[in-house]
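Below is one structure, written out as structure tokens; the observations come after it.
Hydrogens, waters and symmetry mates play no part in the numbers below; they use all other heavy atoms, side chains included.
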2 protein chains.
Amino acid sequence: MIVPLGRALSAAEEPVLRAHDLSMWAYIVLTALAERPMRTQAALARAIGADKTRIIGVLDDLQERGLIQRRPDPADRRMRVLSLTAAGQRAHRSTQAAIRAREERLLARLGAADRQGFLRALQVLSALPPEEIVGG
Amino acid sequence: MIVPLGRALSAAEEPVLRAHDLSMWAYIVLTALAERPMRTQAALARAIGADKTRIIGVLDDLQERGLIQRRPDPADRRMRVLSLTAAGQRAHRSTQAAIRAREERLLARLGAADRQGFLRALQVLSALPPEEIVGG
DNA sequence: TATTGTTATACTCTATAACTATA
DNA sequence: TATAGTTATAGAGTATAACAATA
């Protein structure tokens, strides 16, 4: 049930993201960096559950459009310090608002109790480390 | 949250499926046919949200292993009537039991109220036609 | 030598289009 | 001609491996 639902929700959010000129991964990256800047790209990749090679193109694009900053760390120039620009923060906030409005319309279909249980269950299960899910 | 969770759950169920020699799609097909036999492959594909070409290899394999029957409809020999064999029913039941046991262990982490809300919310949202999800 | 990021390559999954057979 | 199923092909998304820069 969850996998098809995830697909449907992704499909539902795609028009919203396109309207804000962001790919799904770009939005995920902005969301992660909005929570806190990262010292390396590998750390960002881990945080969002992506391969480190997967996000390079995304970062290239976001940087080119001035939504993120990506500078070599002066202390260790192998690393790239990542953070949102002011424009990036604005883009993230407006996109997130649009997505939340859409989610709100869907959650309105649920009873208050189910809704709360659903969101709490998602948080609990998402917070589990993968080993615990696999191991049961 | 839902998409990564779905990925994690899929990954968690994979060892169980492998132990029963079934792919994810094979299991989905068996589950659909356990509910009710289908008159055409296209109907099955629609029912499980897959492309009609996607399931052909799956059906080939299941038929070869004697888990499903797939016979031309005498009334219209273009169509293939699909149904589980006795062995297919057994395979489905034992695999489903193993998967449910694993799900049970995960759901045990939730409070009773959250758990009920979570499952009901999943049912409600999954039952929504795609248009309503996209349209909001 | 070990690590960060990058590029190039291969692999998996899925969808599209062309084909066969029945009607 | 239209439909069910099949096959072959191409596309997107992802992961793996080799490479360059820095430590």
Side-chain angles (χ1 to χ4, degrees), chain A residues 2-11 13-15 17-18 22-29 32-33 37-64 68-83 130, chain B residues 2-11 13-15 17-18 22-29 32-33 37-64 68-83 130:
Chain A
I2 293 182
V3 172
L5 180 59
R7 262 203 285 269
L9 291 176
S10 299
E13 291 179 357
E14 207 169 286
L17 292 172
R18 227 189 345 256
L22 292 175
S23 70
M24 180 66 76
W25 279 115
Y27 175 65
I28 293 174
V29 164
L33 292 180
M38 301 269 179
R39 283 190 57 247
T40 73
Q41 296 183 184
L44 172 62
R46 259 196 314 279
I48 65 179
D51 195 89
K52 66 174 180 174
T53 64
R54 181 72 196 72
I55 60 173
I56 292 177
V58 178
L59 296 176
D60 288 347
D61 177 60
L62 290 175
Q63 182 181 26
E64 206 167 289
I68 66 170
Q69 254 194 341
R70 184 206 219 169
R71 303 171 329 179
D73 183 339
D76 182 340
R77 292 211 307 284
R78 291 175 301 183
M79 304 176 173
R80 305 296 153 87
V81 179
L82 302 170
S83 60
Chain B
I2 292 182
V3 171
L5 179 60
R7 262 203 285 269
L9 291 177
S10 299
E13 292 179 356
E14 209 169 287
L17 291 172
R18 230 191 340 258
L22 291 175
S23 70
M24 180 66 77
W25 279 114
Y27 175 65
I28 293 174
V29 164
L33 292 180
M38 300 267 179
R39 282 190 57 248
T40 72
Q41 296 183 186
L44 172 61
R46 259 197 314 279
I48 65 179
D51 194 271
K52 66 174 180 172
T53 65
R54 181 71 196 74
I55 60 174
I56 292 177
V58 178
L59 296 176
D60 288 347
D61 177 59
L62 290 175
Q63 182 181 26
E64 207 169 287
I68 66 170
Q69 254 193 341
R70 186 206 218 170
R71 304 170 327 180
D73 183 337
D76 183 338
R77 293 212 306 285
R78 291 175 300 184
M79 304 176 174
R80 304 296 152 87
V81 180
L82 302 170
S83 60

Qualifying residues under salt bridge (Lys or Arg N to Asp or Glu O under 4.0 Å), relative to A:Asp76, sequence neighbours excluded: A:Arg78

What nitrogen or oxygen pairs link the protein and nucleotides 14-16 of chain D at under 3.5 Å?
{"from": "D:dT14", "atom 1": "OP2", "to": "A:Trp25", "atom 2": "NE1", "distance (Å)": "3.1"}
{"from": "D:dT14", "atom 1": "OP2", "to": "A:Arg54", "atom 2": "NE", "distance (Å)": "2.6"}
{"from": "D:dT14", "atom 1": "OP2", "to": "A:Arg54", "atom 2": "NH2", "distance (Å)": "3.0"}
{"from": "D:dT16", "atom 1": "O4", "to": "A:Thr53", "atom 2": "OG1", "distance (Å)": "3.4"}

Counterpart residues, side chain to side chain contact (heavy atoms under 4.5 Å, CB included), relative to A:Ala43 (two or more places apart): A:Met38, A:Thr40, A:Arg46

For B:Ile56, the option from B:Asp60, B:Leu59, B:Val58 that meets side chain to side chain contact (heavy atoms under 4.5 Å, CB included): B:Asp60

Protein-nucleotide distance (B:Met79, atom CE; D:dA2, atom P), rounded to Å: 17 Å

Nucleic acid footprint by protein, nucleotides 18-23 of chain D - heavy-atom cut-off 4.0 Å, B for base, S for sugar-phosphate alone: ----BS

Sugar-phosphate only, base, or nothing, as touched by B:Arg39 at under 4.0 Å among non-hydrogen atoms: nothing

Spacing between B:Arg71 atom CZ and D:dG5 atom C1', to the nearest angstrom: 17 Å

Contacts of type side-chain hydrogen bond (donor to acceptor under 3.5 Å, both in side chains), residue B:Glu13, not counting sequence neighbours: none

Atom-pair distance (CG on B:Leu44; C1' on D:dT6), nearest Å: 16 Å

Residues that B:Glu14 engages under side chain to side chain contact (heavy atoms under 4.5 Å, CB included), provided they are two or more places apart: B:Arg18

DNA chain C: 5'-most and 3'-most nucleotides touching chain A, 4.0 angstrom heavy-atom criterion: C:dA2 to C:dT7

Residues that B:Asp51 engages under side chain to side chain contact (heavy atoms under 4.5 Å, CB included), provided they are two or more places apart: B:Thr53, B:Arg54

With A:Arg77 via salt bridge (Lys or Arg N to Asp or Glu O under 4.0 Å) - residues at least two apart: none

Check: A:Leu9 and B:Val3 side chains under 4.5 Å, non-hydrogen atoms: no

Test salt bridge (Lys or Arg N to Asp or Glu O under 4.0 Å) applied to B:Arg39 - qualifying residues, sequence neighbours left out: B:Asp73

For A:Ala45, side chain to side chain contact (heavy atoms under 4.5 Å, CB included) partners two or more places apart: A:Lys52, A:Ile55

